[in-house]
2 protein chains.
Amino acid sequence: MYKRLRKYIKKMKTSKKTSIKDIANVLGVSPSTVSRALNNNSRISYKTRVAVQQMAEKLGYQPNQLANALRSGKSYLVGVIIPRNNSAFFSSVVENIEKVLNKEGYNIIIALSYESYEKECNNIDSLLFTQVDGIIASIANETIELDYYRKIKEKGIPLILFDRGGDDLEVDYVGIDDYNSSHIIIDHLVERGCKKIAHISGFSHKRIYKHRMMGYRDALKKNNLKLNERLIIESNLRIEDGRRVMKQFLELSERPDAVYAAGDFAALGALQVLLENGVKVPQEIALVGFSNESFTSYVSPPISTINQHSEQIGKKAAELFLERIKNPSQEEGVSKVIIDAQLIVRGSSDKI
Amino acid sequence: MYKRLRKYIKKMKTSKKTSIKDIANVLGVSPSTVSRALNNNSRISYKTRVAVQQMAEKLGYQPNQLANALRSGKSYLVGVIIPRNNSAFFSSVVENIEKVLNKEGYNIIIALSYESYEKECNNIDSLLFTQVDGIIASIANETIELDYYRKIKEKGIPLILFDRGGDDLEVDYVGIDDYNSSHIIIDHLVERGCKKIAHISGFSHKRIYKHRMMGYRDALKKNNLKLNERLIIESNLRIEDGRRVMKQFLELSERPDAVYAAGDFAALGALQVLLENGVKVPQEIALVGFSNESFTSYVSPPISTINQHSEQIGKKAAELFLERIKNPSQEEGVSKVIIDAQLIVRGSSDKI
DNA sequence: TTTAAAAATGCAAACGTTTGCGCTAGTTGT
DNA sequence: ACAACTAGCGCAAACGTTTGCATTTTTAAA
């Protein structure tokens, strides 16, 4: 027994990976016994189990997930695709997805799309190649065709979308009520006396931005405010887009007295332009963003925004995945979970 | 031929995964032929290759990376461990690591430590379990014992550290010159007339913060400024830490006329307290942060900071990994790449 | 002591892919 | 016609782990 051990410790110096076979050889048992002992199988005696587990520890045995996944058909990996990284919303969603899934023995693979359709397609291929057990995703801004997402579905792999989903896809979805969020924002701005409310919209081929705009339009109507098409401009909602659009609004003969931007980065750009032009915020022009990015509370004045409950979204997305795993039936209807958002009023739109 | 195809198309409806065996069966060739045809092996005739590749396309064949990695001993995955997610610095490093490695056929697995030692250990275990070909990491603030990183090394898996490294580990490293960066900051503050410069330090058990503090101390001496220990406070460098420490500095009988914070989040917290207390920045107290987080340019006044060249760090870290793969010899010396940082002067410390 | 039952293993094959070496059919040269 | 060579495959085993079923060993009862 000790001769065998010494022989194998020596072997360990040159070849770094310990496998079940190595343990089996040292102890003079079969690999299946080692596997069963490591997995506390009742068919293995206590004595053998202890010997195997101690030897595994001594030889630095590390289970090989590749082999396990190949054999079992399950990798216990979940791919999480997000469109951008430097965003408090997506960071928080990822964190909460991870917490829920880690508890159930899953690990996540984070894939970043950088708002690019091509990168997104590469990510999906990589994740499928890696045999993930499921994919949780939010769609990149550049993405119009959803063929790649359909591909996931066709392979029978659970797909859950959050925030940015797609009407054409019959898959599970978690998001907030974009339409109603706009109502809340417009009501708030109307309540503080605003009458000419402009909207920096995202691309309306993206469902969430379309709903935010529909909400904006209907809320204006509800409050008997005239709809001025020149006060609606679509953009990619980056800081530079917010700056450009805000400049356009300032050049109008009829200036707005409030601006609702469908994303916080665009709101930040708009704020920068307002301050640079000596416009008093919120006295002359009030400002509301969307998504509660961290910086909205750092800047001056702090920006009012919509809290999208990223924690809840992350948790719910992970739970939907786990339910899909437990009920693999393809015929079950899809879930759409819509969470009410919340307006956070700060200096940029506060009533004085 | 068509009977075989129809039989298999039918089979595809129920079992979602197409393997090389399925293609082999339809075409009446062996699995090894299919594999070779898919990999453009010269041992396979053009006719067979085309037939195989077309059938693979028709049957929706997706290579199984698990099997490939198991067979070859290489997963072409690289684990990237970062301590926090909502940071422009780490986001940018990750993005640049990914770009370089994707070009070489590698995919990355991002693991977040949330500044926790325990989470970091779990991440390392998960990555080893997943048979990554290498790990690129920045150490969590809570981590003192480096045993888990040693474990990576002992398994012969390439390990590259960036930014936050460890003196005890003989591994490749990329970072900036923290000592010299402090000199640059102090010189700048001295040039604008500051005489009582306080330092919000990170934990000095972390090498980078220790070097930043040493640089601070030596730069004061170099400029014949008196060192006041009450103007140095260690902290975790979060926003709330910056607030707390700044409040302490404001309560001193001898107030500082400048504050150098070893991280931008702490600088932001300090700025908030200064503004809340009606202190004019930079006229009464100048402020400099570290890391060039996005928000440093959004807030008012914009915060002077150190640009850590995250792009270069990411690229270099990935390149060091690739070199390790090309030269697997264990005896080669480790690389330490130190990049000069750059001071970005903004409103918080600008000369008027 | 013998027999039967229970406990504790071991064998073989599965998972998907790749690759060294062997085999076969066809072609070319003598 | 025969021998040698080459192109184009196929066989079998590797990679690490798990699991159904068979086999062996141990224990208890007659």
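Quick note on labels: first sequence line is chain A, next is B, and so on, each numbered from 1.
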What I want to find out is whether B:Arg164 reaches B:Glu115 closely enough, with some N-O distance under 4.0 Å, to be called a salt bridge. yes
Below the 4.0 Å mark, does D:dG8 have OP1 or OP2 next to a side-chain nitrogen or oxygen of B:Thr33? no
Between A:Ser35 and D:dT19, does any side-chain N or O lie under 4.0 Å from OP1 or OP2? no
Touch class at under 4.0 angstrom, heavy-atom based, for A:Ser72 against every strand present: nothing
Reckon A:Asn68 has a side-chain N or O less than 4.0 Å from the OP1 or OP2 of D:dT18? yes
Establish, with yes or no, whether the OP1 or OP2 oxygen of D:dC9 is under 4.0 angstrom from a side-chain nitrogen or oxygen of B:Ser45. yes
Determine the contact category for A:Ser32: base if any of its heavy atoms lies under 4.0 Å from a base atom, sugar-phosphate if only primed atoms, P, OP1 or OP2 are that close, otherwise nothing. base
With sugar-phosphate meaning primed atoms plus P, OP1 and OP2, does A:Tyr61 contact a base, only sugar-phosphate, or nothing at under 4.0 Å between heavy atoms? sugar-phosphate
Reckon B:Pro63 touches a base, only the sugar-phosphate, or nothing at all at heavy-atom distances under 4.0 Å? sugar-phosphate
Select base, sugar-phosphate, or nothing to describe what A:Asn39 touches, counting heavy atoms under 4.0 Å on all strands. sugar-phosphate
Measure the distance from CG on B:Asn64 to C1' on D:dG16 and round it to the nearest whole Å. 14 Å
Atom pair distance, as rounded to whole Å: CG in B:Leu27 and P in D:dC9: 11 Å
